[in-house]
Amino acid sequence: TDKLSLAQAEGNSINAEIALKQLLRLDVSQTLLTDRLELDVIFKQVLPDADTVFNQAMQHLPEIKQQEYLLSAAGKSLAMAKGNIAPRISLSGGWGTGYYRIYGDSNTVSFNNQFNNKQSQYVQMSLSIPIFNQLSTYNNIKRRQIAIKDQQLAIDKTKEAILAQIIRTRQDLESSEKEFLSSNEMVLSSEISFKQMEKKLENGLANPTEYATSKQRLTTAKANLLRSKLMYMMYTQMLDFYLNGNWDHINQ
C-alpha cells in the first residue's frame with residue numbers, strides 16, 4: 001500500500017511540475033528546481049489592517065495605474081471635443097519657382113535666370129467658425145463626459161475588488177496560521193500514538209490493521225501540516241505583494 005501511494009504521489013508530482021512549466025512558459029525538458037521548505041514557520045507578530053494594506057496597494061498596483069491612465073486619456077478626449085466649439089484660425093504660406101527647356105532650341109534661358117525670375121510666394125490666413133455642426137459637437141462632448149463617468153466607475157469597481165481581495169487574503173492568512181498550529185498539535189499527538197502502537201505491536205497487544213491505521217493517521221497529519229504551512233506562506237507573500245507592489249520578497 002505504501003509503495004502504491006508513493007507511486008501515485010510521484011506521478012502527481014510529475015504532472016504538477018509539467019503544468020507549472022507550461023504556466024511559466026518553460027521548456028518541458030528543462031530542469032525545474034523546487035525549494036524543499038522546512039516546517040519551521042515564523043508568524044507575523046502583528047498583521048497590518050486591511051485599510052493600511054489597501055492604501056499602500058493603491059500607490060503601485062498596475063491595475064489601478066492602468067485605470068488612472070485611462071481616466072486621464074478620457075479627460076484629454078473631452079478637452080479635444082470641447083475644442084471643436086471654438087473658431088479656428090489657420091495660417092499657411094508657400095514658395096515656388098519653375099524651369100522649362102525646349103529640346104533643340106539653343107535660345108532657352110539658363111536655369112539660374114529662370115529659377116530667380118519665376119519665383120512666387122504667398123501667405124494665407126483662414127478663419128473657420130463652427131456654425132452648422134454644433135449639434136454633433138455637443139453630442140460628442142456628452143459622449144466624452146459619459147466616458148469619463150464610466151471610467152471613474154471602473155476605477156471604483158477595481159478598488160472594491162482589490163479591497164475584497166485584501167480582506168480575503170488577510171482572513172485566509174489568519175485561518176492558515178490557526179490551521180498550522182492545530183496541525184502541528186495533531187502531528188505531535190499522532191507521533192505519540194504511533195510510538196505506543198509500535199510497542200503494542202511488538203508485544204502482541206495490537207494487530208497489523210491497527211498499526212497501519214495509526215501510521216496512516218500520522219502520515220495524514222504530517223501532510224496537513226505541510227499543506228497548512230505552504231498556504232500560510234502563500235498568503236503571506238500575497239499580502240506582501242499588496243504592500244510592496246512586487247514579488248522581490250519571494251527571493252529573500
Side-chain angles (χ1 to χ4, degrees), residues 1-58 60-64 161-195 197 212-252:
T1 301
D2 291 340
K3 290 181 179 180
L4 176 60
S5 299
L6 177 60
Q8 292 174 345
E10 290 176 345
N12 294 333
S13 176
I14 294 174
N15 293 332
E17 183 175 340
I18 293 175
L20 180 59
K21 290 179 180 179
Q22 293 176 345
L23 180 63
L24 299 176
R25 300 294 189 270
L26 300 177
D27 188 359
V28 178
S29 60
Q30 182 176 350
T31 302
L32 183 64
L33 300 178
T34 55
D35 187 12
R36 301 296 181 181
L37 300 175
E38 300 296 334
L39 289 179
D40 295 334
V41 175
I42 301 177
F43 295 110
K44 293 181 177 295
Q45 298 296 327
V46 179
L47 292 178
D49 58 85
D51 291 335
T52 301
V53 179
F54 176 76
N55 293 331
Q56 286 288 109
M58 290 301 98
H60 45 245
L61 281 187
E63 49 264 51
I64 291 297
I162 292 176
L163 179 59
Q165 293 173 3
I166 291 175
I167 294 175
R168 190 183 306 113
T169 301
R170 193 178 184 280
Q171 291 176 345
D172 291 338
L173 180 58
E174 294 178 349
S175 299
S176 61
E177 179 181 349
K178 296 178 181 178
E179 183 178 350
F180 177 83
L181 296 176
S182 299
S183 299
N184 193 32
E185 293 178 359
M186 180 64 69
V187 169
L188 296 177
S189 175
S190 299
E191 287 178 345
I192 295 176
S193 177
F194 179 70
K195 290 179 180 180
M197 185 60 63
T213 302
S214 179
K215 182 180 180 181
Q216 181 62 37
R217 188 181 299 113
L218 176 60
T219 303
T220 302
K222 289 183 177 180
N224 291 334
L225 179 63
L226 179 59
R227 186 189 66 84
S228 62
K229 186 223 175 167
L230 293 174
M231 297 300 295
Y232 175 83
M233 296 189 66
M234 182 187 70
Y235 291 129
T236 299
Q237 293 170 354
M238 291 176 61
L239 197 64
D240 290 338
F241 169 74
Y242 289 123
L243 288 171
N244 304 318
N246 55 65
W247 296 105
D248 295 340
H249 52 277
I250 293 182
N251 299 326
Q252 295 178 357

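Note that the structure is predicted; figures quoted are calculated from it, not measured. Below, all heavy atoms of this structure are taken into account, side chains as well, without hydrogens, waters or symmetry copies. Along the sequence shown, the residues carry numbers beginning at 1.
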Legend entry - Donor-acceptor under 3.5 Å (Ser228 side chain, Leu225 main chain): yes
Legend entry - Residues Lys195, Glu191: salt bridge by 4.0 Å N-O rule: no
Legend entry - Check: Gln8 main-chain N/O paired with Asn12 side-chain donor or acceptor under 3.5 Å: yes
Inset, instruction - Run the numbers on Lys222 and Leu218 for side chain to side chain contact (heavy atoms under 4.5 Å, CB included), then give the verdict. - result: CA-CA 6 Å; Lys222 289 183 177 180; Leu218 176 60; 3.9 Å; yes
Inset, instruction - Starting at CG of Asn15, measure out to CG of Leu20 and round the result to the nearest 0.5 Å. - result: 12.5 Å
Legend entry - Flag side-chain contact, heavy atom, 4.5 Å: Arg168 against Asp172: yes
Inset, instruction - Could you tell me whether Met186 atom CE has more than 12 heavy atoms of other residues or ligands within 6.0 Å of it? - result: no
Legend entry - Distance (rounded to the nearest 0.5 Å) between Ser13 OG and Leu6 CG: 10.5 Å
Inset, instruction - Would you confirm whether Ser182, through its side chain, and Glu179, through its main-chain N or O, come within 3.5 Å as a donor-acceptor pair? - result: no
Inset, instruction - May I ask you to say whether Glu174 pairs ionically with Arg170, meaning some side-chain N is under 4.0 Å from a carboxylate O? - result: yes
Legend entry - Whether over 12 other heavy atoms sit under 6.0 Å from Lys21 NZ: yes
Inset, instruction - Report yes or no: does Ser193 contribute a side-chain atom to a donor-acceptor pair with the main-chain N or O of Ser189 at less than 3.5 Å? - result: no
Inset, instruction - Report the C-alpha separation of Ile162 and Met58 in whole Å, then their side-chain angles, then the decisive distance to 0.1 Å, and conclude whether the side chain to side chain contact (heavy atoms under 4.5 Å, CB included) test is met. - result: CA-CA 9 Å; Ile162 292 176; Met58 290 301 98; 3.9 Å; yes
Inset, instruction - Identify which one of Ile167, Leu47, Leu243 satisfies the side chain to side chain contact (heavy atoms under 4.5 Å, CB included) criterion when paired with Val53. - result: Leu243
Inset, instruction - Verify side chain to side chain contact (heavy atoms under 4.5 Å, CB included) between Gln56 and Tyr242, making sure each step is shown before the conclusion. - result: CA-CA 7 Å; Gln56 286 288 109; Tyr242 289 123; over 6 Å; no
Legend entry - Approximate separation, where rounding is to 0.5 Å, of Leu61 CG and Gln165 CD: 9.0 Å
Legend entry - From CZ (Phe180) to CD (Glu185), nearest 0.5 Å: 11.0 Å
Inset, instruction - Enter the distance from Met233:CE to Ser176:OG here, rounded to the nearest 0.5 Å. - result: 11.0 Å
Inset, instruction - Work out which heavy atom in Thr169 is nearest to a heavy atom in Leu239; give both atom names and the distance. - result: CG2-N, 4.2 Å
Legend entry - N/O donor-acceptor pair under 3.5 Å between Asp49 side chain and Thr52 backbone: yes
Inset, instruction - Mind checking the CG-OH spacing from Leu230 to Tyr235? Nearest 0.5 Å is all I need. - result: 11.5 Å
Legend entry - Flag side-chain contact, heavy atom, 4.5 Å: Leu188 against Ile192: no
Inset, instruction - Taking the side chain as every heavy atom from C-beta outward, state whether Asp2 and Lys215 have any pair of such atoms under 4.5 Å apart. - result: yes
